[in-house]
Structure formats: structure tokens, C-alpha cells
Number of protein chains: 2
Amino acid sequence: MATIKDIAKKAGVSITTVSRALNDYDDVNAVTKKKILDIANEIGYVPNRSAQNLVKKKNNTLAIILSGLEPDGGKDNIIYRLLSGMYRYAESVNYEVVLYTTSSAHQREKTYVQFCKEHNIGGAVLNGIKMDDPYFYELMESNLPCVLIDILAQGENTSSISINNLEASREATELLIQHQHTHIGMINGRREAAVSLERYRGYTKALENNKIAVNHDYIVYADYLEDKAYSKTMDLLKKYPKMTALFCASDMMALGAMKAVRQLNLRVPEDISIIGFDNIPLSEHMTPPLTTVDQDFYIMGEKAAEQLLKMIKKEAYKKNIILQHKILERKSVSML
Amino acid sequence: MATIKDIAKKAGVSITTVSRALNDYDDVNAVTKKKILDIANEIGYVPNRSAQNLVKKKNNTLAIILSGLEPDGGKDNIIYRLLSGMYRYAESVNYEVVLYTTSSAHQREKTYVQFCKEHNIGGAVLNGIKMDDPYFYELMESNLPCVLIDILAQGENTSSISINNLEASREATELLIQHQHTHIGMINGRREAAVSLERYRGYTKALENNKIAVNHDYIVYADYLEDKAYSKTMDLLKKYPKMTALFCASDMMALGAMKAVRQLNLRVPEDISIIGFDNIPLSEHMTPPLTTVDQDFYIMGEKAAEQLLKMIKKEAYKKNIILQHKILERKSVSML
DNA sequence: TTGTAGGCGTTATCAA
DNA sequence: TTGATAACGCCTACAA
């Protein structure tokens, strides 16, 4: 592996000069510089990042921290889109992105903070982390710049990005109501998730706005899991035959719900109307195509990275970024 | 940021002893060790990876190199599954994974090799890289351990992993033939891709085995793109009304093909039978559910990482790993 | 069982 | 415009 020392020797100059030339300082003789650059090129010199990081304190790296990378996960394509948005922005400002994830299988002994500190990471984007994760708190305390996706920022060096989940859910539920539904169930996500609460609030708000009594037995939690949504929907529909519509807090759960409806020999949307959340690639291919709330995770990833960079550079930044959402009407909701 | 120096001072020992204690050497007094560990814990010591990497030469990091991370991509979930498989294995042996990608937008000036060398990366898994990529050649030459997905290994320090694409394609085509189809079109992927050639061969082999003449006008290339498959299928079906079946080299292309069939007021499978390739999450939700060739990218990712580790550790390894595939019969193929 | 000292590849400070 | 030299944080002979 070639080093600046090798270049120095070959060029007959000191390593200092080589370093300066390589870093494009202006206090190097143009001829010397060219010579050095040529040699570097010739012997295939590549700077050693570890050495650079050791002496400079930062290393132009962003982290994306995920709650897990499950073998059967990813069907919603959310992580992919988040990731590509982040990469896209990071690349444009010459930053790199590393991905860190805690597995549910091996309980990792290492915390997020440890990972970030070990690697001199400037800041992190967090997705899918539970607020009751013990490591989460530590991260918040660490004053490492963090952008939280779908959790409102609280700590010092944190900010957040999401759509207006309450509003979006209100609109979704409202759509059902506009179609004359009054017995509307909600398949919510993980009880502990901040978004779940927001979406619950939007749901109840819509009902209240329309003078429909909120029935808490109509609300179930399926942890954003397709299978769980399937079984919970089965229970719900069997128990409350009056129910004619379902608001699902994710498209993956809507998929499970649809399956349950079919299993019960009912039809979507003729018997049961369903509206989902996220607009995942799958949703337009469901039978029938799913009416849902669209949110753009690519842009979310991009903005998150942009935001993170502002925080790292101590520039002014908005504490909470709210992105646009939109209701996408397809075929899974019909008039009662 | 606390360093071993801080610990040493606090413990009243030399940094050497601290280093030894931290690295769990056995030539440290148990009492001393405990004291050091306690202090380290107390002041929240985290080792500096850059410093470690600088002195040790390797750094327990694997790279996964992708051809790109497109905003509208990822729908096939392949990268996600590859990634999670790799992470899963890497984690079990205490390795980290970094993701590197060349964007099509900004033409990155940095090569894969540069990236890997800069970061002291032990080895890389490559996916979706074109063989005519100029950087690809450089990587092969670099004698950095590489595992290629879906490209047969050629160089010194490279190996490959894939299913038997020829066989899988032959079986897929054979299935069509078993259903009495004789006018079978093929929607192939990128002309330059190694897999495309393999799949082409499997297709022709099946035809030949059954004494059906290969008609080269029946074969089109759609670069694994849904939209392109759509328009190519339109052309194909309009031009050759005798065609009754289509073998698509990816499920995403099958999706485009299905759309074209529908657009022409034909039905799948009554008028046109379709078989895909990959078994992406979407395929079972298509209308009708897609008959396809299943390959498990999670396992592929896992095996790739395992393989890479063997190469890095100079252990014996198989040059080409062939994984199992299987034909998944759903509803998109019917008897003529 | 412990400490001293040298070095990993760079950058940065100072002096020449 | 250049060159010594001292860091950066850690590991590892070698010596004690």
C-alpha cells in the first residue's frame, strides 16, 4: 500500500509537501505539485482514511440507524427509499453513509452511541427505533446530532421529520365518513410507537368532528405486522358485524386486513371499505388497489440527511420538519 | 472523548496495561484489570476505531457494492434481502458491513477499489455491477476478495454465488411447454448481463429439447425494467398474434408484461400465460398471482458474507456456489 | 505482571 | 515555497 512517504521519496520532497500538494494547498510550487500528483497517480496512491480520521476529528460520515433488518421485512420498501434518499443527498455533499442496525436475534452488546463514537460519526438518522429502547435515551443524551423519523424531537441536539400524522389520519378517516361509514374500525400499529398515537388521534378527531362516538373496542393494535393484522381483523369483524370500514395504520396491515375480509367471505370494498397508510409499491397491486395515504420516504431520507448536515455544521435548522402527504384514492373504499 | 490515556491516569497505571486489560490479555493482574474496566465503564470510554485500524491492518469490515440506489427502485426487495442476509452473517462473526454505491446521476470520481482501500475493507460483495463497467475490471485486478452475485467468477481472488440460472430458465420454459405452448416469447433483461445470457440459454435449451424451433424475433431485451418490458411486450404481442406465452427474466418485467397484455384486451392466463423470475414480494399479489422462479436472496446474502470471510481468512472456499431455486406455480400459466 | 518506546499514515505548527 | 517535528489514539515488541 503506497503512502505519502513513498511519494515523497520518489519525488524527492518531504512528506509535508506531498500532503500539501495532495490537499490542494496553494502554497506549493505548481511544478512540484504536478509532479507529486503524477507520481501519486502512477503508483496508485489512496489516502488512508483511518490516519486522516485520527488527526482530523471528523470524517464526513452519517449513520442511519435502523431497528432491525428482518429476513422477511422490507416488503414495504420504506428502508430502501429512506436509504436512497439519504445517499443521494450525502453524496452531493461528499459525505458517506453507514448503516447500523440492532438485531433482535443476537442482542447486541453495543449501543448506538458506542457505534457512532467509535466511528467518529457526525450524526445519525434514526428510523423505527422504539422510544422505550434503553439505548435510545442514551443516544438522546449524548448530544450527537440526530434526526428522528416519525418521532417528535425532544432533546438538545435532535430534530425530527415526518408528515403530519394526525392530519393525515384524520383525512383518511374523514374519507371513510364521507362515504357514509360510521362503524369504522382502526387497525393501529405498535402501541408504544409515537406515530401510532398520532394516528389514533387523527382517527378519533375525525369521528368526533362528525359526531360519531368513538368505540374503543373498534381499535386494535397489530404492531405494523401483516399477519397480526390479519388475525386481529378476523376477530374484529367477527365480533362486530356492523363494521363496514377499516382504517389501517400501514399498508402492510391493510394487506393482512384484506386477507381477513376475504377469508370471511366478504368483499372489499362492497362489504368492507379499507384505507391504508404509506403507499408502498404493493398497494396499487392489491386486489382491489388500495386507497391509502401517500408519504414520500425518498424525500424524507433526503431531507433528513440535509437536516443532519445543518446540525453538524451548527447552522440554523428547523426542530421539526413536516412533509406533505396526500390521500390517494384507488378502489378499496366505496359508498355504504 | 475519553482515551486510554485518561483511563491510565485515573487507574495509576501505564497505557500499555490499560490496552492489555481492554483487549482482555491474560497477562494482567485480575485486580488491575477489573479496576481498569470499571474506570473505562465509568468514564464511558469508547475505543477509537481509526486509531485501531491504523495500527492493526484490518478492520473487520465487509463492503457491499451496488450498482445504484434509485429513487424508484427497490421494489423487488432484492437489495434489502441481500443486505439483511449479509448483516445477519457479518454480525454473527463480529464484522461490520458498509454499503457503497455508484450513482448514475453524479458520475462518481471514486472507484470501488479506492473506496475499499481507503477504508481498509477486507472484501466486498458485488451486486448489479455491469461487467463492462470500467471500475469492475479494476476491482478484479486488485486482488481484493470479491464475491460476485450472478456473475461467474474469473479472477484470482474472486468467487461467485447464484442459482443455476440456465437450469431454472429451462425449467420455467419447460413448464410453459408442458402446458402446450409452442409460441413462447422471452422478455429478457440487460443484454450485457451475464445472467441474461444464462437465462437465454435455458430458454432455448427447453425449446430445443422439445423440438420447437427458436425464433429470435420472439426474444426482446427490456433491461429488467418494468416500463420497458411493458412497451416491448406491446410490440411483441402486436407483431406476433400467435404468441400464447411469455417467459420473463424478472418479476418486475413480468409485471410490465401483464400490464401490456391487459392493455391489449387480452387476459392472463387465458390468452397469454406468463412466468416470471425472482419471486419478489409483489408477485403473489399480482392479478393473477404470478407463477415464477423462486430464489432466496436472504440466503444468498448470508452465504456471500460467509464466503467472503473464508476468502479473507485464506481458508478453502468454493469458487462458485450454486443455490437452490424452485418453480413456484401460481395462477399466471394455464393450459393452451 | 507491568512499563518504555516506537510506529501506523496523516495533518498541522513552526521555523527555515 | 519547503521541511522538521509533534501530534492523533492505539497496539506491541522489548525490557524490567
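Quick caveat, the model's predicted, so the values are computed rather than measured.
Between G123(B) and I312(B), the shortest heavy-atom distance links the atoms N-CD1, 3.7 Å. In terms of heavy atoms, L144(B) sits closest to G122(B) at CD1-O, 4.0 Å.
Comparing the local axis fitted to the first five base pairs of the helix from dT1(C)-dA16(D) to dA16(C)-dT1(D) with the one fitted to its last five gives a bend of 40°, rounded to 10°.
Between Q307(A) and I321(A), some side-chain heavy-atom pair lies under the 4.5 Å cut-off.
Reading DNA chain C from its 5' end, the first and the last nucleotide to sit under 4.0 Å from a heavy atom of chain B are dT1(C) to dG9(C).
Enclosure of atom NZ in K319(A) by more than 12 non-hydrogen atoms of other residues, nucleotides or ligands within 6.0 angstrom is indicated.
A donor-acceptor pair shorter than 3.5 Å cannot be found between the side chains of T16(A) and S19(A).
Residues from residues 35-44 of chain B that place a heavy atom under 4.0 Å from any atom of DNA chain D: there are none. Heavy-atom distances under 4.0 Å link DNA chain C to no residue of residues 115-122 of chain B.
D150(B) pairs by the side chain to side chain donor-acceptor pair (under 3.5 Å) definition with nothing, not counting sequence neighbours. In this structure, Q52(A) has no side chain to side chain donor-acceptor pair (under 3.5 Å) partners at least two apart in sequence or on a different chain. For D38(B), the side chain to side chain donor-acceptor pair (under 3.5 Å) criterion is met by K34(B), not counting sequence neighbours. Residues meeting the side chain to side chain contact (heavy atoms under 4.5 Å, CB included) test with E138(A), sequence neighbours left out: T111(A), V113(A), Y135(A). Legend: residues meeting ring pair (Phe, Tyr, Trp, His ring centres under 6.0 Å) with F297(B), ordered by chain and number and at least two apart, are absent. Residues satisfying the side chain to side chain donor-acceptor pair (under 3.5 Å) test with E306(A), not counting sequence neighbours, are none.
In this structure, Y87(A) contributes its side chain and L99(B) its backbone to a donor-acceptor pair below 3.5 Å.
Ring geometry for Y112(B) versus Y100(B): interplanar angle over 60°, hence perpendicular rather than tilted (30 to 60°).
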- request: Heavy atoms under 4.0 Å is the rule here; annotate nucleotides 7-16 of chain D 5' to 3' with B where the base is hit, S where only the sugar-phosphate is, and - elsewhere.
  value: -BBSBBB---
Let me have the donor-acceptor pairs involving side chains of residues 72-83 of chain A, under 3.5 Å, with sequence neighbours excluded, atom names and distances please.
unit_1 : atom_1 : unit_2 : atom_2 : d
D76(A) : OD1    : I78(A) : N      : 3.2
N77(A) : ND2    : G73(B) : O      : 3.4
Y80(A) : OH     : E70(B) : N      : 3.2

